[in-house]
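Worksheet for the structure shown next.
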Amino acid sequence: RFTQERLAKERSATAVIMDAHTGAVYALCSSPAFDPNLFTAGMPADVWEDLLADPAHPLTNKAIAGQYPPASTFKIVSALTGLRTGHINSKRVTHCRGVYNYGKDKFHCWKRGGHGWVDLTKSLAVSCDTFYYELATDVGIGKIAETARMLGLGSALDFDLPEERPGLVPDKQWKMGYNGQSWQPGETIVASIGQGYLLATPLQLAVMTARIVNGGYAVKPWMTKRHLLSRHHFTGNWPKMDVSDKHLAQIKKGLEYVVNHSTGTAKGSKIDDPELAFGGKTGTGQVRRITMAQRRAGIKNEDLDWVQRHHALFVGYAPLKAPRYVCAVVVEHGIGGSLTAAPIARDILLEAQKRNPA
């Protein structure tokens, strides 16, 4: 109920919260919803047509069937890929000037003018695009896709509800089969920041986060009841992924900085109580590119029609010291992850910890 009331303030939004260790899903929320009683007594034709035509898609359970560009939440995947392949470590730095040149193409960082020298921790905290453009050029789409699938993206998770969608993790073979064309280097670059062909459901993003913060175990989500909320009732045995604890700790440090460091993109949503503090990653999924003419005219994303605005995303976990809860929030056309999605995730994680402390 709490999640539903909070998300209902947005025109279209969804959230998932689950146990990082057991996979027990505590809540799924998709807003706007509809009254299922309408189907029992015969629905007027105009009501049905309104539901079908609503751009907020009330008939779709967005938590498990909404497929979105993961945006900068996918930098978790790219960062872990770099660590696993040895292309980066905690000391590698990239100089971000606000643009990355590849051949004749230019790929811009979200921060005009750039972030300066950036290491792994800072790249996650400030969500520097250039760091990941350079990294992706080195590692290639194959390794990125391999890590993404290991973390639960790109296929259905065999969840209890049948309408679950698989998302999409593209690679060279997929594109050749999709349209008979070769994969281009620029497509790897944009994939590194969660754009391009990539699609993920909020449930998959929550699972991705759980597998990072639970020690590298390949947890899967499942429906639960109140008397099973405690992890002590769980008898499953999730397999350990092929990833080192050192690498996971490096990723978690960056996610901690996103919320709890003065440079972090979600610093405005910080929980001051250190026992309840959380970490996570913001994301802003591009729906439609703002043209150069619009930029010169001073048009910003918030000036566009609602359906053309960026999606806002956030994945998070709490508490920092011993992660138990993970959540994923997507606000459709919410403009920015730090602006819209992170505050919702903060409220959800805070409420979960207060109701059932770790």
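Note that the structure is predicted; figures quoted are calculated from it, not measured.
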Quick check for you: to the nearest 0.5 Å, what is the distance between [X] atom [atom1] and [Y] atom [atom2]?
X	Y	atom1	atom2	result
Leu350	Ile271	CG	CD1	4.5 Å
Arg165	Gln204	CZ	CD	10.5 Å
Phe278	Leu349	CZ	CG	6.5 Å
Thr130	Leu135	OG1	CG	12.0 Å
Gln353	Glu351	CD	CD	10.5 Å

- Message: Does Met18 form a side chain to side chain contact (heavy atoms under 4.5 Å, CB included) with Val207? I'd like the steps, not just the answer.
- Response: CA-CA 8 Å; Met18 60 179 279; Val207 169; 4.0 Å; yes
Hey, is the main chain of [Y] close enough, under 3.5 Å, to the side chain of [X] for a donor-acceptor pair?
X	Y	answer
Ser78	Ser192	yes
His21	Pro323	yes
Ser30	Thr14	no
Gln67	Ala65	no
Asn260	Lys270	no
Lys267	Ser262	yes
Thr201	Gly66	no
Asp171	Ala145	no
Arg92	His87	yes

Taking atom [atom1] of [X] as the centre, report whether more than 12 heavy atoms of other residues, nucleotides or ligands fall under 6.0 Å from it.
X	atom1	answer
Lys253	NZ	no
Lys122	NZ	yes
Lys172	NZ	no
Lys240	NZ	yes
Arg97	CZ	no

Would you name the heavy atoms of [X] and [Y] that are closest together and state the gap between them?
X	Y	answer
Met241	Leu151	CE-CD2, 3.8 Å
Ala328	Ala206	CB-N, 3.8 Å
Phe314	Ala266	CE1-CB, 4.0 Å
Asp119	Phe131	C-CE1, 3.9 Å
Ile193	Lys75	CG2-CE, 3.6 Å
Ala191	Ile141	CB-CD1, 4.0 Å

- Would you say the side-chain atoms of Glu134 and Tyr100 include a donor-acceptor pair closer than 3.5 Å?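 There is no such pair between these side chains.
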- Any luck finding a side-chain donor-acceptor pair between Ser127 and Lys281 under 3.5 Å?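 Their side chains do contain a donor-acceptor pair, which is all the 3.5 Å distance test asks for.
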- Query: His261: what forms a side-chain contact (heavy atoms from CB on, under 4.5 Å) with it, not counting sequence neighbours?
  - Reply: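 Only Tyr257, Thr263 meet the side-chain contact (heavy atoms from CB on, under 4.5 Å) criterion with His261.
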- Results of side-chain contact (heavy atoms from CB on, under 4.5 Å) for Leu83 - residues two or more places apart only: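 Once residues adjacent in sequence are excluded, the partners of Leu83 under the side-chain contact (heavy atoms from CB on, under 4.5 Å) criterion are Ile88, Leu120, His247, Gln250, Ile251.
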- Could you tell me how the ring of His311 sits relative to the ring of Tyr68: parallel (under 30°), tilted (30 to 60°) or perpendicular (over 60°)?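 Rings of His311 and Tyr68: perpendicular, over 60°.
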- With a cutoff of under 4.5 Å between side-chain heavy atoms, which Ile, Leu, Val, Met, Phe, Trp and Tyr residues group with Trp117?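 Members other than Trp117 - counting any ILVMFWY side chain reachable under 4.5 Å - are Val93.
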Is any side-chain heavy atom of [X] closer than 4.5 Å to a side-chain heavy atom of [Y]?
X	Y	value
Val315	Val326	no
Asp19	Arg324	yes
Pro32	Ser12	yes
Leu157	Trp222	no
Ser155	Val169	no
Leu28	Leu161	yes

- Task: Output all residues satisfying salt bridge (Lys or Arg N to Asp or Glu O under 4.0 Å) with Asp242, sequence neighbours left out; order by chain, then residue number.
- Result: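 Asp242 satisfies salt bridge (Lys or Arg N to Asp or Glu O under 4.0 Å) with Arg84 only.
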- What side chain to side chain donor-acceptor pair (under 3.5 Å) pairs are there with at least one residue in residues 207-219, not counting sequence neighbours?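 Passing the test, one end in residues 207-219: no pairs.
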- Path from Trp110 to Val118 over hydrophobic side-chain contacts below 4.5 Å: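 They do not share one cluster, since no chain of ILVMFWY contacts under 4.5 Å joins Trp110 to Val118.
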- Linking I/L/V/M/F/W/Y whenever their side-chain heavy atoms sit closer than 4.5 Å, directly or via other members, would Val99 and Val126 fall into one cluster?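 Cluster IDs for Val99 and Val126 differ.
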- Proximity of Tyr102 and Tyr133 rings by center, below 6.0 Å: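 They do not qualify: ring centres at least 6.0 Å apart.
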- List the steps and the verdict of side chain to side chain contact (heavy atoms under 4.5 Å, CB included) for Val190 and Leu198. CA-CA 10 Å; Val190 298; Leu198 278 160; over 6 Å; no
- Item | Step-by-step side chain to side chain contact (heavy atoms under 4.5 Å, CB included) determination, Trp174 to Leu168 | CA-CA 10 Å; Trp174 171 84; Leu168 175 63; 3.5 Å; yes
- Item | Salt bridge Lys354-Asp273, side-chain N to carboxylate O under 4.0 Å |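 No.
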- Item | side-chain hydrogen bond (donor to acceptor under 3.5 Å, both in side chains) involving Thr188 - partner list, sequence neighbours excluded |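 With neighbours one apart ignored, the set is Trp183.
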- What do the steps show when you test Ile76 against Met208 for side chain to side chain contact (heavy atoms under 4.5 Å, CB included), and what is the final call? CA-CA 9 Å; Ile76 295 171; Met208 174 191 75; 4.0 Å; yes
